[in-house]
Undergrad: 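Next up is a structure, given as structure tokens.
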Amino acid sequence: MKYIKQYGELRTGTNYLKRLVELNFPDVTVFGSILGWKHGTYDLSNTIDNTRSHYEWIEKKTKKGIVYSVDNLPLHKHPPEVLREAVTGIHYLFSIKKPVPFILSYKKFRLPNKLLTDTHIINLCNRYNERYRKWLEMYKLNESRSFFITYESLIRDINHVLLNIELRFGLDKLSPEASYIDETNPVNASTDIGLIIDKKKTFNKAYYLEEKYLDEFSESQLNIIDNNIDQGLLEEIYKVGL
């Protein structure tokens with residue numbers, strides 16, 4: 001079994017990426033909020049838990065021989081000894097989405113009944129900058145076993161993304177000759193016990209690929225985003241990202 005730890009902002013396709021990897025590579029487990037919250041601002045773990053490494057996180061979240069996830073769910077399939085062994089050869093996937101669709105998606109998910117104010121936008125830009133600076137630092141420390149996955153590339157061509165992950169991480173496909181399997185239904189917010197697939201809907205990739213989300217912002221709002229996002233940071237990540 002090979003293990004992958006995820007990091008990335010909310011609404012950047014982390015659940016979709018986890019689904020794709022586990023659909024196509026049967027001997028892989030992708031950890032979201034195991035070994036630390038995947039959306040948190042930390043180097044190797046979750047500062048909310050006051051932990052500084054994966055190993056320390058395991059110790060802190062273990063009670064009577066059972067490890068609990070960030071969601072405080074018992075991880076019966078992942079006892080402490082399995083997680084400690086997993087850490088020794090762990091790989092990393094970092095997810096990123098462009099700032100404008102990230103802010104819109106965050107607003108719809110976390111602020112559905114509130115007006116998106118200029119202050120909200122600036123705060124989200126600052127949050128985005130802070131977290132991705134941390135994750136870029138972590139990526140650089142683990143570059144040989146890490147990938148930055150851009151959301152736009154993932155929904156444009158899963159074959160390109162999954163092939164690169166397969167080759168760098170030394171994974172085995174479900175079927176060597178078969179095409180990669182896509183997930184056409186939305187992959188909703190989940191826990192580490194399992195993903196939630198919405199079988200009643202299909203995901204509209206064109207909305208993002210054709211940048212239709214731009215129509216939902218005023219010119220003033222777009223200027224605020226442009227002026228508050230660290231453009232150098234964004235350019236560097238998209239340069240190294242798939």
Side-chain angles (χ1 to χ4, degrees), residues 1-36 38-39 43-44 54 86-99 101-102 105 128 131-187 190 192 195 197 203-211 232-242:
M1 180 65 68
K2 293 194 175 183
Y3 298 93
I4 296 171
K5 179 73 184 90
Q6 284 191 300
Y7 294 101
E9 256 294 10
L10 287 158
R11 317 304 293 169
T12 58
T14 54
N15 290 324
Y16 178 48
L17 179 59
K18 172 180 168 69
R19 174 67 169 163
L20 289 180
V21 171
E22 293 183 341
L23 264 179
N24 287 281
F25 307 112
D27 295 325
V28 175
T29 295
V30 180
F31 291 147
S33 292
I34 297 175
L35 304 179
K38 65 181 176 180
H39 304 307
D43 294 326
L44 289 175
H54 293 320
V87 171
T88 61
I90 198 122
H91 293 79
Y92 295 98
L93 289 177
F94 302 87
S95 294
I96 187 169
K97 180 188 282 184
K98 290 180 180 178
F102 156 69
S105 188
Y128 187 96
R131 297 190 179 199
Y132 279 106
R133 285 192 195 104
K134 281 285 189 181
W135 288 323
L136 182 59
E137 289 173 8
M138 188 176 177
Y139 166 83
K140 289 178 178 178
L141 290 172
N142 302 277
E143 191 168 350
S144 65
R145 52 197 175 103
S146 301
F147 268 127
F148 247 108
I149 308 299
T150 69
Y151 184 70
E152 296 75 23
S153 293
L154 184 63
I155 61 174
R156 183 182 299 112
D157 187 359
I158 66 164
N159 295 303
H160 171 71
V161 172
L162 292 176
L163 177 61
N164 276 274
I165 292 173
E166 176 186 347
L167 295 177
R168 176 170 300 182
F169 293 175
L171 307 181
D172 295 317
K173 285 175 64 178
L174 187 63
S175 172
E177 291 77 27
S179 300
Y180 292 111
I181 305 167
D182 197 2
E183 176 56 71
T184 58
N185 302 108
V187 186
S190 60
D192 282 298
L195 292 169
I197 313 298
F203 180 65
N204 181 15
K205 293 184 177 183
Y207 179 80
Y208 292 97
L209 295 176
E210 297 174 13
E211 299 186 337
L233 171 69
L234 196 62
E235 181 179 347
E236 187 174 0
I237 291 175
Y238 271 78
K239 188 177 292 183
V240 301
L242 286 177

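Values below: every heavy atom of this structure, side chains too, minus hydrogens, waters and symmetry copies.
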Undergrad: Is the side chain of T150 donor-acceptor paired with the backbone N or O of G241 at a distance under 3.5 Å, no angle test?
TA: no
Undergrad: Would you please classify the geometry between the Y139 ring and the F94 ring as parallel, tilted or perpendicular, with 30° and 60° separating the classes?
TA: perpendicular
Undergrad: To the closest 0.5 Å, what do you measure between CG (L162) and OH (Y180)?
TA: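 If we round to the nearest 0.5 Å, L162:CG and Y180:OH are 6.0 Å apart.
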Undergrad: What heavy-atom pair brings H160 and L242 nearest, and what distance separates the two atoms?
TA: NE2-CD2, 4.0 Å
Undergrad: State, yes or no, whether a side-chain contact exists between R131 and K134 at a heavy-atom distance under 4.5 Å.
TA: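 No. Closest side-chain heavy atoms not under 4.5 Å.
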Undergrad: Quick one: does K173's side chain have a donor or acceptor within less than 3.5 Å of a partner on A178's backbone?
TA: yes
Undergrad: Between atom OG1 of T29 and atom CD of E22, what is the distance when rounded to the nearest 0.5 Å?
TA: 6.0 Å
Undergrad: Starting from the C-alpha separation in whole Å, work towards a yes-or-no answer on side-chain contact (heavy atoms from CB on, under 4.5 Å) for I90 and F31.
TA: CA-CA 10 Å; I90 198 122; F31 291 147; 4.1 Å; yes
Undergrad: Report the distance from atom OG1 of T14 to atom NE2 of H39, rounding to the nearest 0.5 Å.
TA: 4.5 Å
Undergrad: Which pairs pass side chain to side chain donor-acceptor pair (under 3.5 Å) with one or both residues in residues 232-242, sequence neighbours excluded?
TA: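 Found K140-E236, E152-Y238.
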Undergrad: I need the minimum non-hydrogen distance between P26 and D172, along with the two atoms involved.
TA: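 That closest heavy-atom pairing would be CD-O, 3.5 Å.
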Undergrad: Could you tell me the separation between the CG atom of N24 and the CG atom of L163, rounded to the nearest 0.5 Å?
TA: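 Between atom CG of N24 and atom CG of L163 there are 11.5 Å.
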Undergrad: Looking only at non-hydrogen atoms, find the nearest pair between K38 and Q6 and report the distance.
TA: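 Residues K38 and Q6, closest heavy atoms: CB-O, 3.4 Å.
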Undergrad: Between Y7 and W135, how do the two ring planes meet: parallel, tilted or perpendicular, split at 30° and 60°?
TA: tilted
Undergrad: Once salt bridge (charged side-chain N to carboxylate O under 4.0 Å, His left out) is applied, do any residues pair with E143, and if so which ones, sequence neighbours excluded?
TA: none
Undergrad: Run the numbers on I4 and K18 for side-chain contact (heavy atoms from CB on, under 4.5 Å), then give the verdict.
TA: CA-CA 9 Å; I4 296 171; K18 172 180 168 69; over 6 Å; no
Undergrad: Out of the candidates N164, V21, V28, L93, only one should pair with F169 under the side chain to side chain contact (heavy atoms under 4.5 Å, CB included) rule; please name it.
TA: L93
Undergrad: Under the side-chain contact (heavy atoms from CB on, under 4.5 Å) rule, what do F148 and L136 come out as? Steps first, then yes or no, please.
TA: CA-CA 9 Å; F148 247 108; L136 182 59; 4.2 Å; yes
Undergrad: Which distance, rounded to the nearest 0.5 Å, do you find between the CZ of R19 and the CD1 of I181?
TA: 9.0 Å
Undergrad: Relative to each other, are the rings of Y128 and F102 parallel, tilted or perpendicular (30° and 60° limits)?
TA: tilted
Undergrad: Within this structure, what is the NZ-CG distance for the pair K97 and L10, rounded to the nearest 0.5 Å?
TA: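 Those atoms lie 10.5 Å apart.
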Undergrad: If you look at every heavy atom in D182 and K205, which pair is closest and at what distance?
TA: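 Answer, listing the atom of D182 first, then K205: OD2-NZ, 3.0 Å.
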Undergrad: Please tell me if the side chains of L171 and H91 come closer than 4.5 Å, counting only heavy atoms from C-beta onward.
TA: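 No, too far: nothing below the 4.5 Å cut-off.
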Undergrad: Within the 4.5 Å heavy-atom criterion, are Y207 and I155 side-chain neighbours or not?
TA: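 No. Closest side-chain heavy atoms not under 4.5 Å.
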Undergrad: Which pair of heavy atoms, one from G13 and one from L154, lies closest together, and at what distance?
TA: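 The pair with the smallest heavy-atom distance is O-CD2, 4.3 Å.
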Undergrad: Please name all residues satisfying ring pair (Phe, Tyr, Trp, His ring centres under 6.0 Å) with Y208, sequence neighbours left out, ordered by chain then number.
TA: Y151
Undergrad: Checking the side chain of R156 only, and the main-chain atoms of L209 only, is there a donor and an acceptor separated by less than 3.5 Å?
TA: no
Undergrad: Kindly determine whether I165 and I149 satisfy side-chain contact (heavy atoms from CB on, under 4.5 Å), including the steps that lead there.
TA: CA-CA 10 Å; I165 292 173; I149 308 299; 4.2 Å; yes
Undergrad: Quick check: closest heavy atoms across I96 and Y132, and the distance to 0.1 Å?
TA: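 Taking I96 first and Y132 second, the nearest heavy atoms are CA-OH, 3.4 Å.
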